[in-house]
Amino acid sequence: MEYILVTEQARPHVALIQLNRPKELNALNLQLMGELRDALKDLDDNDNVRAIVLTGNERAFAAGADIKQMAGKTAIDMLTIDQFSTWDQIKKTKKPIIAAVSGFALGGGCELAMTCDMIIASETAQFGQPEIKIGVMPGAGGTQRLTKALGKAKAMEMVLTGKFISAQEADRHGLINRVVPVELYLEEAFKLATEIAQLSPVAVKLAKESVNRSFETHLDEGLHFERKNFYLTFASEDQTEGMNAFVEKRKANFTGK
């Protein structure tokens, strides 16, 4: 892979994917997104991986899409390229993905961070959807996920003006999990991923699926989906191990079966 670096066991059962176009501030070109899609699919199929951390570098998580690739395109060109099918595959990843963000997370970079399940940000992180400043608008979830996270008024202001918000403001509005010093943001993401990786992979997948479903359904349908997934956990060896360990006052050894 040319534009990402993958470490399968950066921590026990935790994989690391690092976007690796530093000169371009990790701009998301088609090749990088294709590599990211393929890497996530491979890690999702890898039983030794239970959680995934996605990061860039201290200067930028990703400063947006690669505008040079799009500048001369027509609407039909963009439709034919179908770049958003890659994003759809990322969304389908069953294992939890934690974005470790420092510096710029703008445009497609902000959308990519929001596609992840959790976000740990350094105190220098900035989030924004500045597409409006070049005559277009967000196309990979910016108008949808940002609105669900921040509410209509704040999201509308960001999308229609292109203004950035700081990590501290993103934290106040609930866009991210927490803000930490620059030197700790990646380690904090690993800490969270490791905590999740010690739990039942079966229950984690089903719980992630249920939380995500809450954004797509009415309450009654969401509760029905949650209940079915709850019942399904009782078909796993992890459920038996977890409850026995609780009763016996010992640490559970989850195997993902």
Side-chain angles (χ1 to χ4, degrees), residues 4-22 25-26 28 32 36 39-40 43-44 46 48-64 90-91 93-129 141 145-146 148-150 154 164-201 203-205 207-208 211-212 251-252 254:
I4 67 172
L5 303 173
V6 180
T7 305
E8 182 184 312
Q9 294 291 312
R11 298 290 188 277
H13 299 299
V14 176
L16 173 67
I17 300 176
Q18 182 176 10
L19 308 182
N20 189 37
R21 298 187 73 202
L25 297 179
N26 295 325
L28 306 175
L32 183 151
L36 178 58
L40 285 171
L43 294 173
D44 215 21
N46 187 333
N48 291 320
V49 173
R50 298 183 178 182
I52 302 164
V53 173
L54 175 62
T55 194
N57 54 50
E58 287 189 8
R59 189 179 178 196
F61 176 72
I90 294 170
K91 179 186 172 186
T93 303
K94 296 178 182 178
K95 294 173 183 175
I97 308 172
I98 300 166
V101 177
S102 186
F104 298 118
L106 307 177
C110 185
E111 290 170 314
L112 180 59
M114 291 191 294
T115 304
C116 297
D117 302 301
M118 290 156 279
I119 303 175
I120 301 296
S122 85
E123 56 198 1
T124 67
Q126 296 184 72
F127 299 86
Q129 300 291 162
R145 292 190 177 94
L146 198 65
K148 286 179 170 61
L150 304 184
K154 193 64 183 180
F164 306 164
I165 61 171
S166 67
Q168 292 75 16
E169 188 171 2
D171 188 28
R172 286 198 302 272
H173 286 284
L175 180 64
I176 65 177
N177 292 72
R178 51 189 159 274
V179 184
V180 297
V182 176
E183 62 271 19
L184 297 178
Y185 80 100
L186 185 55
E187 192 55 44
E188 185 70 13
F190 279 134
K191 181 180 177 182
L192 178 57
T194 298
E195 183 178 356
I196 294 169
Q198 292 174 350
L199 304 174
S200 164
V204 166
K205 288 179 184 179
K208 169 179 170 170
V211 171
N212 283 333
K251 185 177 179 180
F254 294 115

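Quantities reported herein were computed from a predicted structural model and do not represent experimental measurements. Below, all heavy atoms of this structure are taken into account, side chains as well, without hydrogens, waters or symmetry copies.
With sequence neighbours excluded, the residues satisfying salt bridge (charged side-chain N to carboxylate O under 4.0 Å, His left out) with K208 are D117. With sequence neighbours excluded, the residues that form a side chain to side chain donor-acceptor pair (under 3.5 Å) with N46 are E8. Residues passing the side chain to side chain contact (heavy atoms under 4.5 Å, CB included) test with L5, sequence neighbours excluded: Q18, N20. Applying the side chain to side chain contact (heavy atoms under 4.5 Å, CB included) criterion to A39, with sequence neighbours excluded, gives M1, I4, V6, I17. When the side chain to side chain donor-acceptor pair (under 3.5 Å) test is applied to R59, no partner is found at least two apart in sequence or on another chain. For R11, the side chain to side chain donor-acceptor pair (under 3.5 Å) criterion is met by E187, not counting sequence neighbours. For the salt bridge (charged side-chain N to carboxylate O under 4.0 Å, His left out) test, residues two or more places apart in sequence or in another chain that qualify with K91 are E216. Applying the side chain to side chain contact (heavy atoms under 4.5 Å, CB included) test to K154 and every residue at least two apart in sequence or in another chain returns L150, E157, I165, E169, H173.
Residues I52 and L16 are not in side-chain contact: their nearest non-hydrogen atoms beyond the backbone lie 4.5 Å or more apart. Residues R50 and I196 have side chains not in contact (no heavy-atom distance under 4.5 Å, counting atoms from C-beta outward). Within the 4.5 Å cutoff, no side-chain heavy atoms of L19 are placed close to those of N57.
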Side-chain atoms of residues 96-105: list all donor-acceptor pairs with protein atoms under 3.5 Å, sequence neighbours left out, distances to 0.1 Å.
{"residue": "S102", "atom": "OG", "partner": "E58", "partner atom": "O", "Å": "2.8"}
{"residue": "S102", "atom": "OG", "partner": "S122", "partner atom": "OG", "Å": "2.9"}
{"residue": "S102", "atom": "OG", "partner": "T124", "partner atom": "OG1", "Å": "3.3"}

Which pairs of donor and acceptor atoms, one on a side chain in residues 175-184, lie under 3.5 Å apart (sequence neighbours left out)?
{"residue": "N177", "atom": "OD1", "partner": "I119", "partner atom": "N", "Å": "2.8"}
{"residue": "R178", "atom": "NE", "partner": "E188", "partner atom": "OE2", "Å": "2.9"}

Between side-chain atoms of residues 106-114 and protein atoms elsewhere (two or more places apart, or another chain), which donor-acceptor pairs fall under 3.5 Å?
{"residue": "E111", "atom": "OE2", "partner": "G139", "partner atom": "N", "Å": "3.4"}
{"residue": "E111", "atom": "OE2", "partner": "A140", "partner atom": "N", "Å": "2.9"}
{"residue": "E111", "atom": "OE2", "partner": "G141", "partner atom": "N", "Å": "3.3"}
{"residue": "E111", "atom": "OE2", "partner": "G142", "partner atom": "N", "Å": "2.8"}

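Here the OG1 atom belonging to T93 is positioned 9.0 Å from the CG atom belonging to L43, to the nearest 0.5 angstrom. With rounding to the nearest 0.5 Å, the separation of CZ in F61 from CG in L25 is 13.5 Å.
The main-chain N or O of D44 is never found under 3.5 Å from a side-chain atom of K94 such that the two would form a donor-acceptor pair. Between the side chain of H13 and the backbone N or O of V49 there is no donor-acceptor pair closer than 3.5 Å. Without hydrogens or angle criteria, N26 side chain to R21 main chain gives a donor-acceptor distance under 3.5 Å.
Of all the heavy atoms in A189 and I120, the pair that sits closest is CA-CG1, 4.0 Å. Of all heavy-atom pairs spanning V53 and A193, the tightest one is CG2-CB, 3.8 Å. The two residues F254 and S200 make their nearest non-hydrogen contact at CD1-N, 3.5 Å. In this structure, A170 and F127 approach most closely via the heavy-atom pair CB-CD1, 3.9 Å.
Screening residues 190-201 for salt bridge (charged side-chain N to carboxylate O under 4.0 Å, His left out) gives no qualifying pairs among residues at least two apart or on separate chains.
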